[in-house]
Amino acid sequence: MILPLQTLLRERITLALSTRYGLDPESMPTMAIEYPPNRRLGDLAVTVAFELARTLRRAPRVIAGEIAEAVGDAGHLDGLGRLEPTGAGYLNVFLDRAACARGWMSGTTEANPARGPKTVVEHTAINPNKAAHVGHLRNAALGDTLCRLLRFRGAEVEVQNYIDDTGVQVADIVVGLRKLEGKGLDDLRVLVDQPRFDYYCWNLYARVTEWYDQDDSRLTHRRATLQELEHDTDPTAAIARLLTDRIVRCHLNTMARLGIEYDLLSWEGDIIRLQFWARAFEILKSSGAVFLQPDGRLAGCWVMPIEDADTGAGAATDNNGAATEPADSDDDARLKVIVRSNGTVTYVGKDIAYQLWKFGLLGNDFRYRWFGTQPSGRPLWATSSVDTARPPDTPPTPPFGRASAVYNVIDTRQSYLQDLLVQALNALGHPREAEQSVHFSYEMVALSRSTARTLGYADAEGDKPFVEVSGRKGLGVKADDLLDQMTSHAEQEVAARHEDLASDAQRRIATIIATAAVRYFMIKYSKGKVIAFDIDEALSFEGETGPYLQYAAVRARKILHKLHDRHGLETTTLLAELATTSTAGLTDESGDGLWDLILDASRLDEVAEQAVRTLELSTLAKYAFGLAQRFNGFYHSSPVLAEQDDARRRWRAAGVSYFESQMTRALGLMGCEVPERM
RNA sequence: GCGCGUGUAGCUCAGUUGGAUAGAGCGACCGCCUCCUAAGCGGUAGGCCGCAGGUUCGAAUCCUGCCACGCGCGCCA
């Protein structure tokens, strides 16, 4: 891993700048380390000379030369090779290839971070009233990858999945069951055990929506049902409980197909029953973060003042021009209602209470109940509003919440609400938590024109390049349908290549491939980009796809296996013997391609760091793809088994082995496995 | 109206806190399976980086203005 080496390089140069020019290390700009466009120029490039040109009143090239001189032989230690001024003022570094490669491959440079601060990541949060669709897959894939990255960097991560079981969407299904299907609780008990119960609800939800649209008066059924849910009145509440429990289990099964698991299911109903809001309201009132609006349009409401987007500076500039505006309406615009004049709490209110709980700032806690064991063996808990006996043979309930950092993975349409959470934390005097309260925001998944047409929505008029997914209308690609199509496509491909494999083995491989295809597809786009989901594009296994990455890893493994079979060469002994293996095959010009591969493979930690820092997980995907491309190039140009020279063959094998392990880790961070064959 | 986001090759997108010749996939065209798996590799064609100014040694990247598109902004959930 290259990060420690970069740190070392920065230290060396900082020291040189301090001794040579007397610069204060504190005031120096953060030193960017780049990669020159081609290896002949060097392995790393530092541009600090350009930035210092002005203050030092010297040409960048001269500065670069002086830094190189000042660092001198100190650079040769620990894998840093020689420094060389290049071009207009770049300071390029030529690494000691053999020393670096040996270090990376033996894992001695591995940073072993201590158990970091506890981080809560909330993701998935699908309304428990219908099947999951591709939009939910983007959320879960991003959220789960983020978790894996955070753990990779040493954090303790707790994954929460919020279940909004009290909203109208659930009420609508209850209405549908009763009014459209004529079914009650007993019928539902049979229904939920039918396969694809979530698909049944998907269709029912669309039908209810249509049914409402035909006659507005039918909405009274929704209101009545919603009231019964709020008051926990059976049998309505019992129907909703059974319904949401089963749908949640459907969602969990879907996500499990992608290797996505959770630690805690947080049920909104419990937040309400345990009166989290009442507690949060006390806190908000006593701190003055909310106040009762005495008159005007919002008379009788408890409101929270809203800051303008960019700090408080915006409000000050308004002072000049605002005089002409009617002061009343202008003020109202910057107030967010938290409690309505009828005394009920708004959506934000519940969110604030939950967010406070995540940080351990609420003072109240949930009860917990055992929810089940997930495929990997990981336990899953759910919140509860009553104490329940822990089933035998289950682990003790862990201490949930009390995080020092919180990531909420929610699409960009929720930005406004998420911003309000941060403002509430600030208003309550928790600036540190406000700072650590991160909205991982991303754009939605829509449907491409052609895919929408394939689904039978030909009427999607207008000139939009995409069609928005709508659960309410039943318009969308269901997650399980996509996975099914992916899997059967992969199965055909596997069968065509490996007739000898038993069908269950083919099936297993196909599943692994399909998972990678879906997950990579959801990760490879920048978060700020709307994905116009196209089924044909997603179904492709060629080019920039998950299977391409897996294929490269499989090829690498194959080489290592054959090396063992034909030459009796074990990877571990191979790596151990590198210390005494002649390095010509790596250090001379013929080793450039091999070195490029090794250097690129070493960058995983740097990329993971960047992905988390910028919350741009596509960088991880792009890096892994680039690495796979590089390996495939190497694969075609540099045979390993057929190489005559023993030392050269060993170095190539070592490079392949290093690539394989780094690629496997990169795929692992994206929740993808490497199949045994492809 | 205000806020956020997006605008780069025919299509879908990268472009690392401003850096070296703007890259990749798909599609098109031309090649490569006696050789570690062709889910692969090599090559060709294809670019006023939305427009106009500005900042600087250097701008697709930063600033200002404009244009286009998307999303958000309710005592709804």
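This is a predicted model, so every value here is computed, not measured.
- Ring geometry, A:F521 versus A:F533: the interplanar angle exceeds 60°, so the pair is classed perpendicular (tilted spans 30 to 60°).
- Closest contact between the side chain of A:R340 and the listed nucleotides B:rC76, B:rG72, B:rU12 involves B:rC76.
- A:A45 comes within contact range of at least one nucleobase, with a heavy-atom separation under 4.0 Å.
- With a cut-off of 3.5 Å on both Watson-Crick or G-U wobble distances, the partner of B:rG46 is given as none.
- Between A:F625 and A:Y520, the two ring planes are tilted [angle within 30° to 60°].
- Here, B:rC36 and B:rG15 have their P atoms 37 Å apart, quoted to the whole Å.
- Spacing between B:rA59 and B:rA22 at atom C1', rounded to whole Å, works out to 12 Å.
- B:rG25 sits 15 Å from B:rA14 when the P atoms are compared, rounded to a whole Å.
- Look at B:rC66: its glycosidic torsion is beyond 90° from 0, and that puts it in the anti range.
- Backbone-only contact: A:E468 has heavy atoms under 4.0 Å from sugar-phosphate atoms and none from a base.
- Nearer to the 5' terminus of RNA chain B, by closest-nucleotide assignment, is the contact made by A:Q610 (compared with the other of A:Q610 and A:Q169).
- Distance OH (A:Y416) to P (B:rA77): 15 Å, rounded to an integer number of Å.
- Comparing B:rG46 with B:rA24, their C1' atoms are spaced 14 Å from each other, to the whole Å.
- B:rC30 and B:rC62: their C1' atoms are spaced 43 Å apart (whole Å).
- Remark: A:R555 qualifies as a cation-pi partner of A:Y635 under the 6.0 Å distance and 45° angle criteria applied to the six-membered ring.
- Taking atom CG of A:D351 as the reference point, atom C1' of B:rC76 lies 15 Å away to the nearest angstrom.
- The partner of B:rC69 is B:rG5, judged by Watson-Crick or G-U wobble contacts that both fall below 3.5 Å.
- OP1 or OP2 of B:rG7 sits under 4.0 Å from a side-chain N or O of A:K529.
- Between A:D165 and A:E268, the closest heavy-atom pair is OD1-N, 3.3 Å.
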Legend entry - Heavy-atom protein contacts under 4.0 Å, nucleotides 25-41 of chain B, coded B base, S sugar-phosphate only, - none: SS---------BBSBBS

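- Within 4.0 Å of A:Y525, counting heavy atoms only, lie sugar-phosphate atoms of the nucleic acid but no base atom.
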Inset, instruction - Tell me, with the steps shown, if A:D645 and A:W651 meet side chain to side chain contact (heavy atoms under 4.5 Å, CB included). - result: CA-CA 10 Å; A:D645 182 78; A:W651 273 109; over 6 Å; no

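- Comparing A:M444 and A:V348 by the nucleotide of RNA chain B that holds the closest heavy atom to each, the one mapping nearer the 5' end is A:M444.
- Atom pair A:K336:NZ and B:rA77:C1' shows a separation of 11 Å (rounding to whole Å applied).
- Base pairing of B:rA59: no nucleotide in any strand meets the Watson-Crick or G-U wobble criterion (both distances under 3.5 Å).
- Of the candidates A:R472, A:K130, A:Q169, A:Y205 forms a side-chain hydrogen bond (donor to acceptor under 3.5 Å, both in side chains) with just one, namely A:R472.
- Here, B:rC57 and B:rG10 have their C1' atoms 38 Å apart, quoted to the whole Å.
- Nucleic acid contact for A:E606: none, since no nucleic acid atom lies under 4.0 Å from a heavy atom of the residue.
- The main-chain N or O of A:K527 is found under 3.5 Å from a side-chain atom of A:E616 such that the two form a donor-acceptor pair.
- At a cut-off of 3.5 angstrom, the base of B:rC75 holds no donor-acceptor pair with the side chain of A:T346.
- As judged by a 4.0 angstrom heavy-atom cut-off over every strand, A:D565 is placed among residues making no nucleic acid contact.
- Across every strand in view, B:rU21 sits unpaired, with no contact that passes the Watson-Crick or G-U test at under 3.5 angstrom.
- Using a 4.0 Å heavy-atom distance criterion, A:G528 is classed as a sugar-phosphate-only contact.
- A:R413 places its CZ atom 17 Å from the C1' atom of B:rG74, with the value rounded to the nearest Å.
- For the pair A:I272 CD1 and B:rA77 P, the interatomic distance rounds to 11 Å; values are reported in whole Å.
- Rounded to whole Å, the separation between the C1' atoms of B:rC13 and B:rC49 comes to 13 Å.
- If you measure from atom CD1 of A:I338 to atom C1' of B:rC76, you get 15 Å, rounded to the nearest angstrom.
- Summarising the geometry, the separation between CG on A:D534 and P on B:rC13 is reported as 11 Å, rounded to the nearest angstrom.
- In a base pair of the Watson-Crick type (N1 to N3 plus N6-O4 or O6-N4) or a G-U wobble (N1-O2 and O6-N3), with each distance short of 3.5 Å, B:rG27 is matched with no nucleotide.
- Taking atom C1' in both B:rC66 and B:rU56, the straight-line distance is 24 Å, to the nearest Å.
- Side chain of A:R222 to backbone of A:V168: no donor-acceptor contact under 3.5 angstrom is found.
- Residue A:S415 is out of contact with every strand shown, counting any heavy-atom pair closer than 4.0 Å.
- A:E616 has its CD atom 13 Å from the P atom of B:rG5, to the nearest Å.
- Nucleotide B:rC32 forms a pair with B:rG40, judged by Watson-Crick or G-U wobble geometry with both contacts under 3.5 Å.
- In this structure, A:S526 reaches the sugar-phosphate backbone alone: every heavy-atom distance under 4.0 Å involves primed, P, OP1 or OP2 atoms, never a base.
- Nucleic acid contact for A:E537: sugar-phosphate only, since backbone atoms but no base atoms lie under 4.0 Å from a heavy atom of the residue.
- Of the possible polar contacts, one joining the A:N139 side chain to the A:V409 backbone as a donor-acceptor pair under 3.5 Å is found.
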Legend entry - Check against side chain to side chain donor-acceptor pair (under 3.5 Å), A:N408 and A:Q355: CA-CA 10 Å; A:N408 292 329; A:Q355 190 77 357; 3.1 Å; yes

